[in-house]
Amino acid sequence: MLNLSKTAPAGIAALAAIAIATYAWAAPAGNAAAAADLPSEQFLAEQGLTIVGPMQAAGGLKAWAAYREQQPIPIYRLPDGKHWVIGTVIDAQGKDVNAKTLQAAVQKPMGQQIWGDLERSHWIGDGRPDAAHIAYVFTDPNCPYCNQLWREARPWVQSGQLQLRHILVAVLRPSSEGKAAAILGAKSPEQALAGHAQAYADAQGKNPDTLGIAALPRIPLSARDALANNVSLMTAMGLRATPASIWKNAQGQVQTRTGMPPGLLEEMLGKPAGK
C-alpha cells in the first residue's frame with residue numbers, strides 16, 4: 001500500500017453520561033433557529049454536514065445523524081432548545097454510547113452518495129460491463145500494488161465475473177501525471193491502460209518512471225482537470241493510499257480497502273479467501 005485525517009469529534013455532557021464538547025453552536029438572539037430543531041442551514045452548509053435525520057440516542061438529548069466526507073457526525077440539541085453540540089456522548093467507562101446507532105443511520109445514505117459519485121467519475125473500464133461484480137479502483141500508473149491488483153484480477157476479469165473501473169490519479173511520482181494523461185488521451189483508454197499495465201508487469205525491477213506507457217511531456221488541460229477531480233474525490237472519501245478499492249458486498253453495502261491485503265479479490269467477489 002502506498003500512502004499519499006479528520007478524527008471524529010468528541011463529546012457532550014448529558015445526565016449520567018460523561019462527555020467533552022468539541023463544537024457548540026448557539027442560536028443568535030432573535031434568530032428563528034432558536035426554536036428550530038437544528039442549527040441554521042447556513043451553519044450546517046459551512047460545516048459541510050449532510051443531515052440524515054433524527055436518531056434515537058442515549059442520554060436523554062434529542063439527536064440527529066449526519067455525516068461529513070464519509071465521517072459519521074452526531075448532532076445533539078441541549079435541553080434549552082437554543083444550543084447544540086456536535087460530538088460524542090460517552091458513559092462513565094468512556095464508551096461511545098451512540099456509535100452503533102449513528103453508524104446504522106448513516107451507512108446506507110453515505111454508501112449511496114459514494115456509489116453515485118463513483119459512477120459519475122472519469123473511470124476506465126477493465127472487463128465486461130455486465131459483470132456480476134463491479135469494483136472501482138483509484139489507480140496511480142506508477143503504483144506497483146495497483147499493478148499487482150490488475151495482474152491478480154485477470155482470471156476473474158477475463159471470465160466475466162468482475163469489472164474493475166479504474167479512476168486514475170497522479171499522486172506518487174512526477175511521471176504519474178504524464179502517464180495518466182497519456183492513458184486518458186489515448187484513442188482507446190481501455191486498451192492504453194491494459195497495455196500500460198502489461199508492460200509494467202513485464203518489466204519489474206526497473207526504474208518506475210520508465211515502466212509502462214510513456215509520459216506526456218505536456219499535460220492537456222482536460223486531462224489535468226480530470227485527474228484533479230479524481231484526486232479530490234479520493235480525498236473526500238478519506239482514502240490516502242493506492243490502490244483504493246470500493247465495491248458492494250452481497251447485502252449492497254459499500255466496502256472500501258486500500259492496498260493489497262490478502263484475500264482482497266475474493267472479498268470483492270464474495271468468496272471465502274483462497275477460493
Side-chain angles (χ1 to χ4, degrees), residues 5-27 31-119 136 233-240 244-258 261 267-268 270:
S5 344
K6 268 178 188 174
T7 59
I12 64 173
L15 301 179
I18 298 176
I20 303 172
T22 57
Y23 199 105
W25 187 86
N31 192 309
D37 280 341
L38 283 165
S40 71
E41 292 184 4
Q42 179 181 349
F43 170 80
L44 297 173
E46 289 172 351
Q47 297 301 307
L49 291 168
T50 298
I51 305 299
V52 174
M55 72 172 191
Q56 295 294 321
L61 296 178
K62 193 167 185 178
W64 292 263
Y67 63 92
R68 174 177 56 209
E69 295 184 358
Q70 312 314 314
Q71 173 67 51
I73 304 285
I75 302 175
Y76 298 96
R77 189 181 69 180
L78 298 183
D80 64 5
K82 299 179 181 180
H83 297 82
W84 293 260
V85 174
I86 298 174
T88 301
V89 174
I90 61 174
D91 61 17
Q93 286 71 48
K95 179 183 177 182
D96 182 346
V97 294
N98 293 321
K100 291 183 179 179
T101 302
L102 175 63
Q103 183 61 39
V106 303
Q107 186 174 44
K108 184 176 180 179
M110 275 177 50
Q112 290 173 336
Q113 179 178 323
I114 290 173
W115 203 253
D117 290 344
L118 292 169
E119 289 181 322
Y136 290 88
L233 178 59
M234 181 178 174
T235 302
M237 292 184 177
L239 302 170
R240 301 289 186 270
S245 305
I246 308 99
W247 71 95
K248 290 183 179 179
N249 64 14
Q251 291 73 44
Q253 298 169 336
V254 172
Q255 308 293 302
T256 62
R257 300 287 184 277
T258 53
E267 191 175 1
M268 286 182 184

Query raised in the report: With sequence neighbours excluded, what pairs up with K62 under the salt bridge (charged side-chain N to carboxylate O under 4.0 Å, His left out) test?
Result: D37

**Report entry** Residues, nucleotides or ligands: over 12 heavy atoms within 6.0 Å of Q253 CD
**Finding:** yes

Query raised in the report: In terms of heavy-atom contacts, does CD of Q42 have more than 12 from other residues, nucleotides or ligands at under 6.0 Å?
Result: no

What heavy-atom pair brings [X] and [Y] nearest, and what distance separates the two atoms?
{"X": "N98", "Y": "A58", "result": "OD1-N, 2.8 Å"}
{"X": "R77", "Y": "W64", "result": "CB-CZ3, 3.8 Å"}
{"X": "Y76", "Y": "A57", "result": "CE2-CB, 4.0 Å"}
{"X": "V52", "Y": "V106", "result": "CG2-CG1, 3.9 Å"}
{"X": "H83", "Y": "D80", "result": "ND1-OD2, 2.5 Å"}
{"X": "A244", "Y": "L239", "result": "CB-CD1, 3.7 Å"}

Using 0.5 Å steps for rounding, measure from the [atom1] atom of [X] to the [atom2] atom of [Y].
{"X": "M234", "Y": "T258", "atom1": "CE", "atom2": "OG1", "value": "8.5 Å"}
{"X": "L49", "Y": "I75", "atom1": "CG", "atom2": "CD1", "value": "5.0 Å"}
{"X": "R257", "Y": "I246", "atom1": "CZ", "atom2": "CD1", "value": "11.0 Å"}
{"X": "R68", "Y": "I86", "atom1": "CZ", "atom2": "CD1", "value": "6.5 Å"}
{"X": "L118", "Y": "M237", "atom1": "CG", "atom2": "CE", "value": "3.5 Å"}
{"X": "K248", "Y": "Q255", "atom1": "NZ", "atom2": "CD", "value": "11.5 Å"}

Query raised in the report: Taking only residues at least two apart or on different chains, which pairs with a member in residues 107-119 satisfy salt bridge (Lys or Arg N to Asp or Glu O under 4.0 Å)?
Result: D117-R120

Requested in this report: For the pair F43 and L38, evaluate side chain to side chain contact (heavy atoms under 4.5 Å, CB included) and give the outcome as yes or no after the intermediate values.
Outcome: CA-CA 10 Å; F43 170 80; L38 283 165; over 6 Å; no

